[in-house]
**Q** 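Structure provided below as structure tokens; questions to follow.
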There are 2 protein chains.
Amino acid sequence: MSILIKNGRIIYGENLDIINGDIYIEGNRIAKVGRGLKLSAEYVIDANGKVISPGFINAHTHSPMVLLRGLADDLPLMEWLQEYVWPVEKKLTSKHIYWGALLGILEMIKGGTTTFVDMYFHMEEVAKVVEKTGIRAYLSYGMVDLGDEEKRNVEIKETLKLLEFIKKLDSPRIEFLFGPHAPYTCSPELLKWVREKANETGKMITIHLNETKREVQDIKEKYGMTPVEFLDELGFLGDDIIAAHGVWLSDKEIEILAKRRVTIVHNPASNMKLASGVMPIEKLLKAGVNIALGTDGAASNNSLDMLEEMKLAALVHKVHTLNPTVADAKTIYKMATQNGAKALHLNAGIIKEGALADIAIIDFNKPHLRPITNVVSHLVYSASGNDVETVIIDGEIIMLDGEVLTVDEEEIINKVQKIVDKLH
Amino acid sequence: MSILIKNGRIIYGENLDIINGDIYIEGNRIAKVGRGLKLSAEYVIDANGKVISPGFINAHTHSPMVLLRGLADDLPLMEWLQEYVWPVEKKLTSKHIYWGALLGILEMIKGGTTTFVDMYFHMEEVAKVVEKTGIRAYLSYGMVDLGDEEKRNVEIKETLKLLEFIKKLDSPRIEFLFGPHAPYTCSPELLKWVREKANETGKMITIHLNETKREVQDIKEKYGMTPVEFLDELGFLGDDIIAAHGVWLSDKEIEILAKRRVTIVHNPASNMKLASGVMPIEKLLKAGVNIALGTDGAASNNSLDMLEEMKLAALVHKVHTLNPTVADAKTIYKMATQNGAKALHLNAGIIKEGALADIAIIDFNKPHLRPITNVVSHLVYSASGNDVETVIIDGEIIMLDGEVLTVDEEEIINKVQKIVDKLH
């Protein structure tokens, strides 16, 4: 297919320059960007008064957890997990996960997310939904062995099952990655297995890292070193690691992360809602660590809206450091787009010739996005996912004028409501 | 006029109970709330799958400042003010203010705000716009004398002009209030004049209070006491004071605020973006201080979205105190509705028989608001202003199915764009 997007304000290239013009898409790539392109295309989109942005990359979420949205809030972490989240998760069947992923992915597409990194269970169902909806995804089965060998073997089996499933699907938009849950829930044996298997298969790894003060203390007590030191000593770290949270990090840990070229995924809403803490953004940036952005699961957010997440990221660091110049709009915008792509070694998250055609068109003909002055500032500070109008993923129009073309929105909403009404 | 809203999920009464049913509006009041009301009305709204909420009360903003949205961000406060905000404000004529207020009020109505408290200049223009749009407002001229008697007389004259203008307008939806800018910009003489004139006229007072650490230090140096102590000694404080920000407050000051029944307006986005600090919410709540919610002006937010503001309020205190139980959804929801009404001594901000018919209907047939579990949690944590569908103010339908009926949205957007393009 070929698509011509005409007369938009384009957020172009690495430096997010704003240029007025057209974008020509051929197959799954951006072929040309320029003013007044004289090219015929199968589909023409008029983007007058609209902004053309790289699609957002949600670098850490648990998509089916939308099933738990609003289940319980404002509670201490352990009470929330033990009395609400875990009992419901125990009841979730593959059918539930299928519909939950549909709702979560529908929400992400509607908010301009074109790629996400996921960790949960029954992930074959999520892969089916990714295939069906047309989004791009990196999927992992969340492994937890708590040092138990029998459990470890079950987790390895589940992981290999997902690897095989995704291989067979053979979709250009779906990638497998390894998902050891965290250093405090995975044994060194499991982590070593993951590292070896990742080397063998060339697949990436995602993991939770230093989210809470408590888990860092626990690891220190258990291993006599910090989590990042522990992982480094295992030989676990590398530029194929996407580590979520990174809230409680020592200077030495930040140095190691930079040296090993690990990506940290910032999840401000979740870190705020669960009162985990504030990621040391200035130190990480100064050290040169690649920072991507994620929403985490809906149970601890409670939405999967990357535009809202950007605002939270820009605001929380300013007030935390009492410095209004920290986390400026462009820096945050890059986290939500090109830094996520860098983490995934994906030629996306950017509008330029040759990049994958993963694009969000945002309607600026709305009171809260006017006057149009600084486009990136408006997206970070004034927009929300609802403002996204059209989404193109891998060169295909997945949402047009607010309507997702690949699935039946009403059916999904009703089905999920029925499932959840029965579940609780 | 009479309106019947049918089959909605109603957020009812002081405790925000969720009841499924109908609301019957007669004139400008909520006349009946119940299930299956058998009443005929001039207008019937089907609220199936929708949530009926009290309209939001934005208790502190500067509505025309939407003209400055995105003008400059991520800067130190004084650079932002001196090099960007003030030079543009100097150029603003009454015509600019008129169109700016139109855009700001349009944005507020679209986001479910039914009442706002404003402080700026050329406020007669804002009053005209309030009258035209159908929103409810409390309007003040922001007075600054910096101890200069001549300036003080100008400010007093401007204030009395606005008082007279609003009196003549004689609108049931528009109230005047006094707007001495802050203790650090107003002399004791001006503050005393305001107190006396407020007593004489029965009008309320709004003021900025303890927003930055710096201004508190300045007042201490100048007067040998904290700002709240200083105002209390002047006899300035009372239950007719709506004080914005309240970020840097000593325990003694909180005690005085509680004793004098002063309302503090929380402005989390602005306090975060300008890196002012975090309001001591737990101490204020414990002392029994009434806390309302506001967006502040768009230049320091950059939106006027009360639903988004609620999420920020709920999140920032959790991470600041590292306690996830602080600032729970219901507490924050009350700040955005009934606490604002309490501050204004207004029988609104609540759905119950006899209250003013100021209502927002929110469409929950959207992926990010499903499954419907906890309605108030969804509004605080998952919704944005874009989800508001219909707005009723003073018994009149002002927005229906996303379309504001009292003004031409496209005309306003285009006119403001032209103004701002010329201005910079």
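Every chain is numbered from 1, with letters handed out A, B, ... down the list of sequences.
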**Q** Check each atom of B:His368 against the heavy atoms of chain A and say whether the ones under 4.5 Å are side chain, backbone, both or neither.
**A**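 Both the backbone and the side chain of B:His368 come within 4.5 Å of chain A.
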
**Q** Flag the pair A:Pro268 / B:Val319 as yes when at least one side-chain heavy-atom distance between them is below 4.5 Å, and no otherwise.
**A**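 A side-chain contact under 4.5 Å is absent here.
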
**Q** With a 4.5 angstrom heavy-atom cut-off, could you sort out which part of A:Ile412 is near chain B: side chain, backbone, both or neither?
**A**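 For A:Ile412, no heavy atom lies under 4.5 Å from chain B.
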
**Q** Distance from B:Leu274 atom CG to A:Leu315 atom CG, nearest 0.5 Å?
**A**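 Between B:Leu274 CG and A:Leu315 CG, I get 10.0 Å after rounding to 0.5 Å.
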
**Q** Pick whichever of B:Thr325, B:Leu312, B:Val416, B:Asn365 has the most heavy-atom pairs under 4.5 Å with chain A.
**A**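 The candidate making the most pairs under 4.5 Å is B:Thr325.
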
**Q** When you measure from the side chain of B:Ser303 to the backbone N and O of A:Ala383, does any donor-acceptor pair fall under 3.5 Å?
**A**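 Looks like no, no N/O pair under 3.5 Å.
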
**Q** B:Leu77, B:Asn374, B:Leu75, B:Asp421: which one forms the most heavy-atom pairs within less than 4.5 Å of chain A?
**A**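 Between B:Leu77, B:Asn374, B:Leu75, B:Asp421, the count favours B:Leu75.
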
**Q** Roughly how far, to the nearest 0.5 Å, is the CG atom of A:Leu304 from the OG atom of B:Ser382?
**A**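 The OG atom of B:Ser382 sits 9.0 Å away from the CG atom of A:Leu304.
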
**Q** Let me know if A:Asp328 has heavy atoms under 4.5 Å from chain B in its side chain, its backbone, both or neither.
**A**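 A:Asp328 touches chain B through backbone and side-chain heavy atoms alike.
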
**Q** Which bit of A:Val278 comes within less than 4.5 Å of chain B, counting heavy atoms only: side chain, backbone, both or neither?
**A**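 The answer is both parts of A:Val278.
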
**Q** I'd like to know if the side chain of B:Ser377 and the backbone of A:Ala72 have a donor-acceptor N/O pair within less than 3.5 Å.
**A**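 The answer is no, because no donor-acceptor pair under 3.5 Å joins these two groups.
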
**Q** Near B:Lys91 NZ, under 6.0 Å, is it more than 12 heavy atoms from other residues, nucleotides or ligands?
**A**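 Atom NZ in B:Lys91 is packed in, count exceeds 12.
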
**Q** In sequence, state the C-alpha distance, the side-chain angles, and the governing distance for A:Val316 and B:Val316, and then conclude on side-chain contact (heavy atoms from CB on, under 4.5 Å).
**A** CA-CA 7 Å; A:Val316 71; B:Val316 70; 5.7 Å; no

**Q** With no hydrogens and no angle check, is any side-chain donor or acceptor of B:Gln417 less than 3.5 Å from a backbone partner on A:Ile372?
**A**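 Yes: the side chain of B:Gln417 pairs with the backbone of A:Ile372.
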
**Q** Using the side-chain contact (heavy atoms from CB on, under 4.5 Å) rule, take B:Glu308 and A:Lys311 through it: C-alpha gap first, then chi angles, then the decisive distance, then the call.
**A** CA-CA 10 Å; B:Glu308 183 187 84; A:Lys311 182 162 185 173; 2.5 Å; yes

**Q** If you look at every heavy atom in A:Ser384 and B:Ser384, which pair is closest and at what distance?
**A**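 Smallest interatomic distance, heavy atoms only, reads OG-OG, 3.3 Å.
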
**Q** For the residue pair B:His378 and A:Gly70, what are the closest heavy atoms and their distance?
**A**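 Heavy atoms of B:His378 and A:Gly70 come nearest at CE1-CA, 3.8 Å.
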
**Q** Among A:Val376, A:Thr321, A:Val380, A:Ile413, who wins on heavy-atom pairs under 4.5 Å with chain B?
**A**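 Between A:Val376, A:Thr321, A:Val380, A:Ile413, the count favours A:Ile413.
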
**Q** Select all residues of residues 295-302 of chain B having any heavy atom within less than 4.5 Å of some heavy atom of chain A, and report them by number, or 'none'.
**A**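 B:Asn301, B:Asn302, listed by number.
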
**Q** So, do B:Pro371 and A:Leu103 sit near enough that their side-chain heavy atoms are less than 4.5 Å apart?
**A**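 Contact flag for B:Pro371/A:Leu103 side chains = yes.
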
**Q** Hey, what do you get for CG (A:Asn386) to CG (B:Asp387), rounding to the nearest 0.5 Å?
**A**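 A:Asn386 atom CG to B:Asp387 atom CG measures 4.5 Å (nearest 0.5 Å).
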
**Q** With chain B as the partner, which of A:Val66, A:Asp305, A:Asp73 has the greatest number of non-hydrogen pairs under 4.5 Å?
**A**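 The option with the most such pairs is A:Asp73.
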
**Q** Is a salt bridge present between B:Lys330 and A:Asp74, judged by a nitrogen-to-oxygen distance below 4.0 Å?
**A**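 Salt bridge absent between B:Lys330 and A:Asp74.
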
**Q** Can you tell me which portion of A:Leu102 sits under 4.5 Å from chain B's heavy atoms? Options are side chain, backbone, both or neither.
**A**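 No part of A:Leu102 comes within 4.5 Å of chain B.
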
**Q** Once side chain to side chain contact (heavy atoms under 4.5 Å, CB included) is applied, do any residues pair with B:Asn414, and if so which ones, sequence neighbours excluded?
**A**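 Listed in chain order: B:Glu410.
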
**Q** At their closest point, which heavy atom of A:Thr373 faces which heavy atom of B:Leu71, and how far apart are they?
**A**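 Result for this residue pair: OG1-N, 4.1 Å.
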
**Q** Quick one: does B:Arg69's side chain have a donor or acceptor within less than 3.5 Å of a partner on A:Arg370's backbone?
**A**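 Side chain of B:Arg69 to backbone of A:Arg370: a pair is present.
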
**Q** Using non-hydrogen atoms and a 4.5 Å limit, figure out which bit of B:Lys273 sits close to chain A: side chain, backbone, both or neither.
**A**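 Its backbone and side chain both get close to chain A.
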
**Q** With the threshold set at 4.0 Å, does a side-chain nitrogen-carboxylate oxygen contact exist between A:Lys366 and B:Glu107?
**A**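 Salt bridge between A:Lys366 and B:Glu107, a charged N being under 4.0 Å from a carboxylate O: no.
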
**Q** Is chain B contacted by the side chain of A:Ala327, its backbone, both, or neither, given a heavy-atom distance below 4.5 Å?
**A**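 Backbone of A:Ala327 only, per the 4.5 Å heavy-atom cut-off to chain B.
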
**Q** Non-hydrogen atoms of chain B under 4.5 Å away: do they reach the side chain of A:Leu322, the backbone, both or neither?
**A**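 Interface part for A:Leu322: both.
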
**Q** Below 4.5 Å from any heavy atom of chain A, which atoms of B:Glu79 appear? Answer side chain, backbone, both or neither.
**A**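 Contact with chain A: none, neither part.
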
